[in-house]
Structure formats: C-alpha cells, structure tokens
Amino acid sequence: MDWYQLWQIISAPDNVPIVGLLVIVPFYTWYGLRQARANDRLIQELEANPELAKTHHRKTFPYKPGWPTEVHVWPYLLRIEFLAAIIVTALLMVWSLTLDAPLEEPANPNLTPNPSKAPWYFVGLQEMLVYFDPWFAGVVLPTLIIIGLMAFPYVDENPLGNGYYTWRQRTVAIGAFLVGFYLWIALIIVGTLMRGPGWMLFWPGQTWDHTRLVYEVNRNLPDIFGITSDWGKGIFGFFAVLLFYLVSGFGIHKLVTRSPLNRKIYERTSLIQYLVFQFFAITILVGLPAKILLRLLFRIKYVWITPWFNI
Amino acid sequence: MERERGNRGGVGVLERVREETQQLRVRLREELEELKQDLREPQRTQLWKSIFRVPHERTTPRNRAIAVLANVFLHLHPARINRDAVRYSYTWGMGGISFYLFIVLTFTGVLLMFYYHPTKVQAFRDILYLEHDVPFGRLLRNMHRWAAHLMVITVWLHMFRVVLTGSYKRPREFNWCVGVILLVLTLLLSFTGYLLPDDQLGFWAVTVGTNMARATPLIGHEGPFGPQLGMTPYNDVRFALLGGSIVDSNALLRAYIWHCIALPLLAAIFMGVHFWRVRKDGGISGPAPVMLESEMRPVRKV
C-alpha cells in the first residue's frame with residue numbers, strides 16, 4: 001500500500017471537490033431518501049385509512065388546525081438566505097486561506113504530462129474514452145446526456161410525487177436518475193483516483209509505475225466469431241447492436257412494468273414518450289455499463305465495425 | 001436732524017442685527033433639533049423617502065409584504081410563502097447557494113480582470129504577479145477557483161433535489177430545461193476559465209478537452225463522415241473553438257472572451273428566465289401535500 005501515492009492524488013488541490021463528493025453525494029442521498037421513506041409511510045397509512053385521508057394535512061411536518069399556512073418572506077425566508085450567504089462566504093474564505101489554487105509551470109506544448117487529465121467534472125467523459133471512440137465519448141454521449149435530461153420531464157407521465165420526497169410512488173424515474181447520476185460520479189472517481197500514467201488502471205494506493213506495460217490484446221467482437229470481410233463486420237455489428245437494444249429494451253420493459261402502480265403509469269405513457277425513454281435508458285444507463293463490462297471482462301474493443309465509425 | 005436720524009439709524013441697524021441674530025439663533029436651534037430628530041428617525045427625511053418609495057418602518061403584515069415587493073433586489077421573492085417551504089430539509093438551499101456563488105464569482109472575477117492580460121506573453125506572469133505582489137491577490141484567485149468548483153457541486157445537488165422531489169413535473173417542465181442549460185453553462189464557464197492561467201494544468205486539460213472536438217461527427221476532421229465532407233484541421237469545429245489548429249494565443253483570447261463576457265451574459269439571461277419561471281409556475285414546488293395512488297385521475301386526453 002503506497003500511502004504517499006494515494007495522498008498525492010487526493011491532496012491535489014483540484015481533486016478536493018472529488019473527495020468532497022465522496023462524502024456529500026451519499027449524505028444528500030441519505031438525507032433525501034430518509035424524507036422519502038417518512039412520506040412513503042404516511043402515504044401507506046393514508047391509503048389504508050380513507051377516512052383519515054380526508055382530514056389529514058398530508059405532510060410529515062407538525063400541524064395543528066388554525067395554524068397559518070403561509071409565512072412572510074421577510075423575515076422568515078430572507079434570514080435563512082442571509083445566513084446561508086454568510087456560511088458559504090465563511091467556508092469559501094477558510095478554504096481559500098488554507099488551500100492554494102494550483103499553478104504549474106508555464107504551458108509547454110512540447111512537454112506532455114502523463115497522465116494528462118481533463119478538469120475533474122469532465123474526467124467521467126475522458127474515462128469513457130477507454131471504452132468508446134472520441135466521437136462517441138466526447139461528443140455524442142454528452143449531447144445525448146443533455147438531450148436526455150431535457151426530455152426527462154416530458155417522458156415522465158407519473159402524476160404522483162410532484163413536490164414531495166417519495167420513493168415508492170416514483171421508483172422508475174428516481175431509479176433511472178440515480179443510476180445515471182451515480183454512474184457519472186463513479187466514472188469521475190475512477191478517472192481521478194484509479195488512472196495513472198498512460199491512463200492505465202492503478203488501484204488507489206498502488207504506486208504509479210511509469211514503465212508498466214500491460215500485455216492485453218483487445219479483440220473485436222466480429223473477430224471472435226471469425227468474420228473477416230468488411231461487409232460481414234458491418235452487418236454483424238449492426239445486428240449485434242440491434243440485438244442488444246432489443247434485449248435490454250425487453251429487460252427494461254419488464255422492470256418498469258413490474259408493480260401495479262408502474263403498470264398504471266405505463267398505461268398513461270404515449271408510445272413516443274415510451275420509446276424516447278427506452279432509447280435513453282438503453283443507450284446511457286445500460287449501454288455504457290455493458291460496454292465497460294465487455295471491455296474489462298472480455299477485452300472486447302469494438303462491437304460494430306464500419307469504414308466510417310466503430311462502436 | 002442729521003445726527004438724530006443718523007443716531008436713530010445706527011441704533012436701528014444694531015437693533016435689527018440683534019433681532020435678526022436672535023431669530024437666526026432660534027431658527028438654528030429649531031433646525032438642529034429637527035436634524036437630531038431626523039437622525040433619530042431617518043425614515044422621516046426627504047432623502048430616505050426618495051430612496052425607499054414606501055414607508056415600512058412598522059412590522060405590520062402589510063409592511064412586511066411591501067418590504068419585499070417594493071425592493072428591486074428582493075422582488076423576485078413572493079411576499080409570503082408556504083410555511084413548510086422555508087425548511088432546509090426540503091430545498092437543501094442549493095439553488096440559492098449556486099446563485100450566490102455566481103455573484104461571488106462575478107465579483108472576484110471582475111477584480112481578477114484588472115490584473116490579467118489574455119496574451120501568451122503576459123498571462124502566466126500576471127498570475128505570478130497576482131500570487132506574489134498584488135495585496136490579497138492570492139486569496140482572490142483562490143476564492144475564484146474554489147467558488148467555481150463549489151458551484152459545479154451545488155448545481156449538481158440542486159438538480160438531484162429537483163429530481164428527488166419531482167419538481168420538474170407539470171407545470172415546471174420548461175424551467176427544468178432552462179436549468180439543464182444553466183448546468184451546461186456552469187460547466188463551460190468553469191472549463192473556459194481553466195485555460196486562462198496558461199500553465200501546464202490548464203493547457204493540457206484544454207488540449208485534452210478540445211481534441212475531442214476533432215472527432216465530432218460531420219464537422220470534425222477525425223469524426224465519422226467528417227473527412228468525406230471536406231473537414232481538415234484548418235476548417236473544422238475545433239478550429240472554430242481554438243481560433244487555430246493548436247491551443248495558442250488565439251485560443252487563450254477566445255477562452256477569455258467566452259469566460260468573461262459571452263458565457264456570463266448568457267448565464268445571467270437564463271438565470272433571469274429561470275427565477276422568473278419559478279415565480280410564474282407557482283413558486284417552489286413544495287413541500288406539497290402527498291397525493292395518493294387511489295386519487296390518480298384517469299388518463300387525460302388532449
């Protein structure tokens with residue numbers, strides 16, 4: 001265990017946010033899901049007792065009849081905002097006094113640092129370069145993520161859970177987002193903590209060996225099946241990808257129509273909405289992990305090879 | 001006659017002077033008293049009234065509402081909100097903190113601009129100058145850097161909270177899209193700022209980042225169908241981003257202008273829309289009373 005190596009990585013000033021994320025993201029997940037569980041219990045109670053549902057104020061917060069439902073922004077909200085501003089300022093001040101922003105030697109195009117990494121919030125995309133060609137990992141994938149995020153509210157036809165924490169009423173939407181969000185964070189952490197010289201995999205605490213060679217020969221899927229002609233590879237790849245979309249689409253379909261509530265939501269969803277959801281779910285939420293596993297477990301580089309692009 | 005008149009005249013002048021002095025003294029005392037009164041209650045003064053258009057010195061409900069609605073900096077707030085909406089547990093305060101960080105970044109960023117030239121000769125030296133000679137220069141740069149990192153995190157958490165509470169649902173779908181654009185702008189702002197110190201860290205991070213643009217389908221010279229459409233390193237999308245085929249002085253200038261002018265302006269515009277839509281869509285989404293599965297209405301036919 002090379003503690004010095006590990007310390008060098010996590011103490012790099014620009015990596016501090018990532019170490020922060022390791023704590024912050026689990027904390028806020030717990031914080032949100034704890035409230036979701038409390039609301040879910042209340043919902044269960046009210047579903048079982050329709051009489052209570054008529055009179056209950058339907059929140060987990062304390063309430064007595066006659067209490068005003070609203071408060072004045074001045075001072076009840078503004079004091080919180082003011083306090084938040086002070087706390088953030090103090091935090092920033094302490095952070096800035098104790099830790100200096102990094103500054104390396106002057107830019108030198110003739111001296112490439114190894115590894116040379118993107119800013120931490122884009123390291124996830126750089127990590128995807130291991131598994132996909134740049135046109136996909138660097139351009140198409142981010143575009144798909146942005147479009148997929150924007151499409152999110154338009155494909156979620158579930159009327160429940162608007163404005164309160166819940167898990168049971170929105171398993172599909174929250175589950176899908178959590179998978180994507182955690183995948184993004186995980187890729188950043190792998191790219192930062194576990195990638196050394198030559199973008200080779202080093203476990204946290206393993207010494208970065210600049211002379212290490214990895215004797216791994218990557219294969220393409222068509223080669224394994226003994227397909228040699230260009231046409232054969234193109235057609236084979238197309239059908240392999242098609243099969244993947246069909247199989248994972250079927251799997252996702254089974255998953256999102258398992259519970260009675262999810263079936264009800266599914267019935268409200270139009271065909272276009274559902275297909276858009278499926279496309280993004282398969283491509284981003286299943287496709288990326290699938291390709292990562294193919295590469296790490298079976299050393300497969302490309303599935304679909306054409307003269308113009310490879311996937 | 002002459003002397004008498006003169007005498008009388010002399011006495012008269014003295015009298016008048018004494019009289020007027022007396023009057024002046026009384027008036028001065030009165031005005032001083034008034035001034036003291038004004039200082040004690042500045043709300044009564046013309047100066048005060050000209051700045052604050054409506055009186056709200058008493059804490060009646062009406063005045064509390066006016067305090068928010070009549071103030072240009074506070075008017076994005078409603079006068080009153082749901083009693084549970086002020087709970088930290090619901091909003092996590094991440095949207096507001098992101099906005100506050102944007103203000104901090106604008107403030108520190110403008111100060112940094114006073115010391116920075118976006119040229120290959122000067123840029124790196126300016127950073128050294130900031131770090132070692134400018135009073136509080138290092139603190140300024142540190143605050144700008146860390147506030148930027150923090151803003152990326154708070155924006156992500158804000159988005160996470162909005163998903164967990166289903167706040168993107170009808171009628172807030174469009175505002176969610178505006179939020180996604182703001183997320184992208186936040187990342188781009190941070191990314192363009194990375195190059196400006198012109199050190200190895202920024203140079204290679206931006207080189208790695210923009211090299212991906214070569215591979216853009218159709219408009220990159222190494223992307224699918226790019227060469228077939230006549231793309232070369234000297235006319236593709238990467239060339240447009242860098243103002244050249246390598247990360248050099250033009251790229252530095254372009255990054256500077258995107259970072260200091262174009263992107264902050266865009267972000268400010270989208271933020272305006274974002275906040276305005278929060279109000280128009282009925283304020284923040286909750287904490288709303290829970291809805292039951294048994295209350296789901298049948299499918300709406302458009």
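Sequence lines set the chain letters: A, B, ... in the order given, protein chains first and strands last, and positions in each chain run from 1.
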Leading residue by heavy atom contact count with chain A [cutoff under 4.5 Å; candidates B:R214, B:E295, B:Q228, B:E173]: B:E173

Closest-packed option against chain B by number of heavy-atom pairs under 4.5 Å, given A:W67, A:Y63, A:Y121, A:Y164: A:Y164

Pairs of heavy atoms under 4.5 Å with chain B: top-ranked of A:L42, A:T29, A:V25: A:T29

Which portion of A:P109 sits near chain B, non-hydrogen atoms under 4.5 angstrom: both

Which of A:F152, A:F136, A:Y76 touches chain B most, by non-hydrogen pairs under 4.5 Å: A:F152

A:P142, part contacting chain B, at a heavy-atom distance under 4.5 Å: neither

Under 4.5 Å from any heavy atom of chain A - which part of B:I103: neither

Best-contacting candidate, A:W184, A:W135, A:W167, against chain B by heavy atom pairs under 4.5 angstrom: A:W135

Closest approach of A:E104 to B:L201 (non-hydrogen atoms, all atoms of both residues): OE1-N, 3.3 Å

Contact leader toward chain B among A:P106, A:G161, A:P17, where contacts are heavy-atom pairs under 4.5 Å: A:P106

Largest heavy-atom contact set with chain A, pairs under 4.5 Å, which of B:V162, B:L139, B:T207: B:L139

Flag for A:D133-A:Y302: side-chain donor and acceptor within less than 3.5 Å: yes

Proximal component of B:A147, with respect to chain A [non-hydrogen, under 4.5 Å]: both

Contact origin within B:Y168 toward chain A - heavy atom pairs under 4.5 Å: both

Whether B:F225 and A:W308 hold their rings parallel, tilted or perpendicular, with breakpoints at 30° and 60°: parallel

Interchain contact, B:P61 with chain A, by part (heavy-atom threshold 4.5 Å): both

Among the listed options B:R141, B:R161, B:K120, the residue most often paired with chain A at heavy-atom distances under 4.5 Å: B:R141

Per-residue contact mode, A:L77 against chain B (heavy atom under 4.5 angstrom): both

Residue A:Y165 versus chain B: region with a heavy atom under 4.5 Å: both

Parallel, tilted or perpendicular, as decided by the 30° and 60° cut-offs, for the rings of A:W95 and B:W146: parallel

Chain A contact via B:H149 - side chain, backbone, both or neither, heavy atoms under 4.5 Å: both

Residue B:L74 versus chain A: region with a heavy atom under 4.5 Å: side chain

Option that, when pairs with chain A are counted at under 4.5 Å, heavy atom only, ranks first among B:E293, B:R145, B:M212: B:E293

Proximal component of B:V86, with respect to chain A [non-hydrogen, under 4.5 Å]: both

Chain B contact via A:A85 - side chain, backbone, both or neither, heavy atoms under 4.5 Å: both

Smallest separation among heavy atoms of B:G286 and B:Y90, with atom names: N-OH, 3.4 Å

Which portion of B:L187 sits near chain A, non-hydrogen atoms under 4.5 angstrom: both

Part of A:K59 within contact of chain B (heavy atom distance under 4.5 Å): side chain

Engaged part of B:V68 at the chain A interface, taking heavy atoms whose separation is under 4.5 Å: side chain

Chain B contact via A:A53 - which portion, at a heavy-atom distance below 4.5 Å: side chain

Per-residue contact mode, B:R172 against chain A (heavy atom under 4.5 angstrom): side chain

N-O pairing of A:K264 and A:E157 below 4.0 Å: no

Option in B:A65, B:S190, B:S167 with maximal non-hydrogen atom pairs under 4.5 Å from chain A: B:S190

Toward chain B, the part of A:Q35 with a non-hydrogen atom under 4.5 Å: side chain

Side chain, backbone, both or neither of B:R125 within contact of chain A (heavy atoms, under 4.5 Å): neither

Interface moiety of B:V163 toward chain A, non-hydrogen atoms closer than 4.5 Å: both

Choice from B:G179, B:G96, B:P217 maximising heavy atom contacts with chain A below 4.5 Å: B:P217

Portion of A:P50 that has a non-hydrogen atom of chain B nearer than 4.5 angstrom: neither

Residue among A:L149, A:L129, A:I174 with most heavy-atom pairs under 4.5 Å to chain B: A:L149

Which atoms of A:V140 approach chain B - backbone, side chain, both or neither, heavy atom under 4.5 Å: side chain

Proximal component of B:Y100, with respect to chain A [non-hydrogen, under 4.5 Å]: side chain

Chain A contact via B:W176 - which portion, at a heavy-atom distance below 4.5 Å: side chain

Proximity breakdown for A:T60 and chain B, heavy-atom pairs closer than 4.5 Å: neither

A:H72 versus chain B, the contacting section by heavy-atom distance below 4.5 Å: both

Mutual orientation of the aromatic rings belonging to A:F181 and A:F177 [parallel < 30°, tilted 30-60°, perpendicular > 60°]: parallel

Six-ring centre of A:F61, B:R87 cation under 6.0 angstrom, axis tolerance 45°: yes

Contact class of A:I87 relative to chain B, heavy atoms under 4.5 angstrom: neither

